[in-house]
Participant: 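Have a look at the structure that comes next, please.
Note on naming: letters A, B, ... go to the chains in the order of the sequence lines (proteins, then strands), and numbering restarts at 1 for each one.
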There are 2 protein chains.
Amino acid sequence: MIGERKKKILRAITDDYISLGEPIGSRTIARKYNLGVGPATIRNEMADLEENGYLEQPHTSAGRIPSDKGYRFYVDALMSIEDLTSGELETIRKEYAVANREIEDLLRITAKIISNISNYTALVLGPQLQKTAFRHIQMIQIAPDEVLVLLVVDPGLVETRVVQIGSAISQRELDDMVSFLNRHLFGLTLREVERTLIEELKKRFFAYNDLVKEAVELLLKGLRNKPSERVYIDGVSNILGYPEFYDLNKAKSLFNLIENEHILSNVLQNATSTSGVRVTIGKENVREEIQDCSIITATYEVRGQVIGTIGLIGPKRMNYSKVVTLLEYIATGLSETLKKGN
Amino acid sequence: MIGERKKKILRAITDDYISLGEPIGSRTIARKYNLGVGPATIRNEMADLEENGYLEQPHTSAGRIPSDKGYRFYVDALMSIEDLTSGELETIRKEYAVANREIEDLLRITAKIISNISNYTALVLGPQLQKTAFRHIQMIQIAPDEVLVLLVVDPGLVETRVVQIGSAISQRELDDMVSFLNRHLFGLTLREVERTLIEELKKRFFAYNDLVKEAVELLLKGLRNKPSERVYIDGVSNILGYPEFYDLNKAKSLFNLIENEHILSNVLQNATSTSGVRVTIGKENVREEIQDCSIITATYEVRGQVIGTIGLIGPKRMNYSKVVTLLEYIATGLSETLKKGN
DNA sequence: TATTAGCACTCTTACTGTAAGAGTGCTAAT
DNA sequence: ATTAGCACTCTTACAGTAAGAGTGCTAATA
């Protein structure tokens with residue numbers, strides 16, 4: 001186990017490095033934080049901490065900086081909770097006040113708030129339709145060969161999609177199908193629909209197989225990648241403010257990843273498995289491009305079911321205590337809002 | 001007027017600078033381009049060109065680079081047309097092949113293609129609904145206090161929006177209103193609707209004023225800022241590849257602007273007034289953040305009516321001949337595709 | 001035994017001077 | 001009108017130096 005004094009030192013170094021961005025030496029610690037011991041003692045402790053992998057040295061005669069393991073320990077055991085200031089709370093309230101009820105708007109504004117307050121890059125993943133519950137479906141013929149499929153799911157989302165159909169179909173047939181779907185699918189999550197009902201559906205509507213196939217496919221997969229499932233990003237330029245990205249190659253490869261919605265959404269979805277705030281530090285990230293970064297995520301839910309993720313990405317040297325509080329707060333608020341809209 | 005030899009020299013300098021990014025000296029010109037004259041002569045010509053504002057010198061003993069005026073002259077009068085390579089044409093074909101019929105997808109892929117081929121940052125502005133023509137509207141009650149408004153406009157776009165209504169309304173009343181709207185508005189652009197009909201509509205449906213007001217508002221303004229009207233951006237990270245953005249402050253302020261959809265959309269809409277390719281160089285841009293950049297835009301249309309803009313942004317030192325060809329080609333293709341989808 | 005003072009050592013950074021290279025402008029010659 | 005020649009300017013790269021920060025080790029101390 002790690003001793004009490006070592007903890008204090010590790011914490012001091014991490015706090016200092018997070019706010020200043022420069023390696024910390026033993027003298028500085030002794031001066032700034034009153035630990036009641038001299039620099040030499042601190043040096044010894046630091047040497048120990050380095051040996052145990054909590055600290056590293058950029059070069060021989062520099063001060064120490066936290067390693068990934070050091071940050072991890074800091075986040076799990078050392079950091080104090082930093083509340084949001086009243087100004088920040090006010091900002092959040094104001095921004096949300098202008099949002100209309102559309103989910104897209106809500107997510108976009110959420111991303112904006114996160115990036116503005118944190119000064120990192122915000123990532124907001126829309127609700128995963130797969131986890132939402134079927135409420136009802138409607139199909140409306142808008143042209144001889146075009147049908148608008150309208151799906152309403154439980155956390156108050158409305159998704160629409162225009163489907164091109166091969167063969168003509170009467171509104172009567174459509175109605176028939178729709179009423180069947182509505183009767184049988186109500187309340188199921190789309191994932192359950194996928195697992196249990198797809199075959200039955202296909203059999204039942206064998207007659208107009210073409211459209212059913214399309215409709216069901218649509219219901220299950222086609223609605224993926226709809227606006228609500230997108231990744232909303234804000235504050236990309238914030239990243240350029242941190243000296244760790246003065247190396248343009250790093251910045252470029254990071255930007256590249258952020259631009260790739262597909263990869264990004266994967267990275268974020270890892271966090272959706274468990275509820276709550278999750279911190280992923282440096283090399284803990286699977287993707288190489290972000291192993292100099294930390295990603296913080298939080299989940300939002302509807303009816304106790306996690307359906308989406310919000311988060312942010314920034315340098316490892318991140319104000320963890322602040323962003324954890326922030327994301328927790330925003331995620332809770334978002335869950336509330338979605339419940340009301342329901 | 002500017003002499004023939006001066007033109008050759010200006011062109012040589014511009015070409016060279018565009019591809020290499022370094023100031024060009026008289027010797028280099030004399031060696032690389034066979035103009036039949038020595039460096040000293042070229043020096044004199046260059047001094048003239050500088051005096052007339054076509055060239056500038058980063059510092060006393062450096063070579064020359066084109067000024068904004070120089071680039072302008074180059075684009076208007078000097079540059080040769082650079083065709084797309086067969087590989088590039090193939091790339092375009094392939095990318096579009098995977099697009100489904102949804103407009104959003106189409107625009108997203110368009111942005112991707114532009115940024116991949118040009119290596120600059122692509123900006124694609126969706127169709128301006130104001131300029132599209134009303135085809136038909138539908139209103140569907142999906143909850144006691146929610147109505148889905150479905151608007152189909154002429155270049156094959158379907159826009160939907162869920163409206164919260166204050167007072168209850170029967171489906172019969174909705175139908176009444178809808179049929180009136182469909183009878184009277186068919187074929188008008190949304191702008192015309194706005195100008196001529198709004199008062200009449202309000203009078204006519206005075207009885208259920210609340211919903212009408214909402215519906216009309218929606219029709220005219222509410223659908224703004226819908227997905228199709230967004231700005232699609234791709235290849236932001238490309239910009240970091242150009243040495244002119246090694247200055248992180250420049251890069252940051254540019255990124256900031258690109259992230260601000262509102263500003264960006266304004267910048268692009270300037271170009272929508274006239275049809276065709278438009279080149280805006282350096283200080284010709286109104287916004288300060290992009291006065292080191294050039295923006296190239298092209299318009300796409302439906303039924304001879306310009307409804308949207310595609311474009312890209314990059315350093316002034318840009319491969320103009322290539323990107324002009326590229327945007328022209330893509331814009332034409334996009335217009336075609338939209339016509340078919342219609 | 002734990003702590004500390006002292007000191008030699010290492011590494012970075014900022015500054016200086018120097019030399020090479022590129023390009024210019026001017027003048028005089030062609 | 002063009003060009004050759006030359007002195008001049010400015011940038012860049014390089015090397016050397018000094019200052020500063022921080023370390024690790026050893027010996028002294030409470």
Participant: Under 3.5 Å, is there a donor on one side chain and an acceptor on the other for A:Glu259 and B:Ser237?
Facilitator: yes
Participant: Using a 4.0 Å heavy-atom cut-off, does A:Ala62 contact any base of the nucleic acid, only the sugar-phosphate backbone, or nothing at all?
Facilitator: sugar-phosphate
Participant: Between atom CD in B:Glu45 and atom P in D:dA1, what is the gap in whole Å?
Facilitator: 11 Å
Participant: Below 4.0 angstrom, N of the basic side chain to O of the carboxylate: do B:Arg43 and B:Glu50 qualify?
Facilitator: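 Answer for the salt bridge query: no.
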Participant: Using a cut-off of less than 4.0 Å, is there contact between a side-chain N or O of A:Thr41 and OP1 or OP2 of C:dT4?
Facilitator: yes
Participant: At less than 4.0 Å, is any side-chain N or O atom of A:Ser26 found next to OP1 or OP2 of D:dT23? Yes or no.
Facilitator: yes
Participant: Whether the side chain of B:Asp68 engages the backbone of B:Lys283 through a donor-acceptor N/O pair (distance < 3.5 Å, no angle test) should be reported.
Facilitator: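 Yes.
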Participant: Roughly, in whole Å, what's the span from CG in A:Leu35 to P in C:dT3?
Facilitator: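 Rounded to the whole Å, the gap is 12 Å.
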Participant: What's the CD1-P distance between B:Ile42 and C:dA22, to the nearest Å?
Facilitator: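 Taking CD1 of B:Ile42 and P of C:dA22, I get 17 Å after rounding.
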Participant: Paired with C:dA29 by Watson-Crick or G-U wobble geometry, both distances under 3.5 Å: which nucleotide is it?
Facilitator: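 Paired with D:dT2.
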Participant: Can you tell me the distance, in whole Å, between the CG atom of B:Asp48 and the C1' atom of C:dT24?
Facilitator: 14 Å
Participant: Look at the side chain of B:Gln57 and decide which nucleotide, out of C:dG25, D:dA4, C:dT4, has an atom nearest to it.
Facilitator: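 The listed nucleotide nearest to B:Gln57's side chain is C:dG25.
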Participant: Report the distance from atom CD1 of A:Ile9 to atom P of C:dT3, rounded to the nearest whole Å.
Facilitator: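 Roughly 10 Å, once rounded to whole Å.
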Participant: Measure from NZ or CZ of B:Lys69 to the centre of the six-membered ring of B:Tyr54 and say whether it is under 6.0 Å with the direction within 45° of the ring axis.
Facilitator: yes
Participant: Side chain of A:Thr28, heavy atoms from C-beta onward: which of D:dT3, D:dG22, C:dT4 has the nearest atom to it?
Facilitator: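 Output: D:dG22.
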Participant: For B:Arg64 and for A:Pro39, locate the closest nucleotide of DNA chain C by heavy-atom distance; then report the residue assigned to the nucleotide nearer the 5' terminus.
Facilitator: A:Pro39
Participant: So which nucleotide from D:dT3, D:dT2, C:dG23 ends up closest to the side chain of B:Ala40?
Facilitator: D:dT3
Participant: Think A:Thr60 has a side-chain N or O under 4.0 angstrom from the OP1 or OP2 of D:dT23?
Facilitator: no
Participant: Between atom CG in A:Asn44 and atom C1' in D:dA27, what is the gap in whole Å?
Facilitator: 14 Å
Participant: Starting at CG of A:Asp16 and ending at P of D:dG22, how long is that distance when rounded to a whole Å?
Facilitator: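 A:Asp16 atom CG is separated from D:dG22 atom P by 11 Å.
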Participant: Between B:Ser61 and A:Arg43, which is nearer to the 5' end of DNA chain D once each is assigned its nearest nucleotide?
Facilitator: B:Ser61
Participant: Whole angstrom is fine here: how far is it from CD1 in B:Ile65 over to P in D:dT11?
Facilitator: 14 Å
Participant: When both hydrogen-bonding distances must be under 3.5 Å and the geometry is Watson-Crick or G-U wobble, what is D:dA15 paired with, if anything?
Facilitator: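 Check on D:dA15: paired to C:dT16, both distances under 3.5 Å.
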Participant: Tell me whether B:Glu244 is salt-bridged to B:Lys250, with the criterion being a basic N under 4.0 Å from an acidic carboxylate O.
Facilitator: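 So B:Glu244 does not pair with B:Lys250 through a salt bridge.
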Participant: Passes ring-ring contact (aromatic ring centres under 6.0 Å, His included), B:Tyr120 versus B:Tyr242? Steps please.
Facilitator: CA-CA 9 Å; B:Tyr120 302 115; B:Tyr242 297 96; 5.3 Å; yes
Participant: Within less than 4.0 Å of OP1 or OP2 of D:dT3, is there a side-chain N or O belonging to B:Arg27?
Facilitator: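 No, B:Arg27 has no side-chain N/O under 4.0 Å of OP1/OP2 on D:dT3.
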Participant: Determine which nucleotide pairs with C:dT24, using a 3.5 Å limit on both distances of a Watson-Crick or G-U wobble pair.
Facilitator: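 Base-paired to D:dA7.
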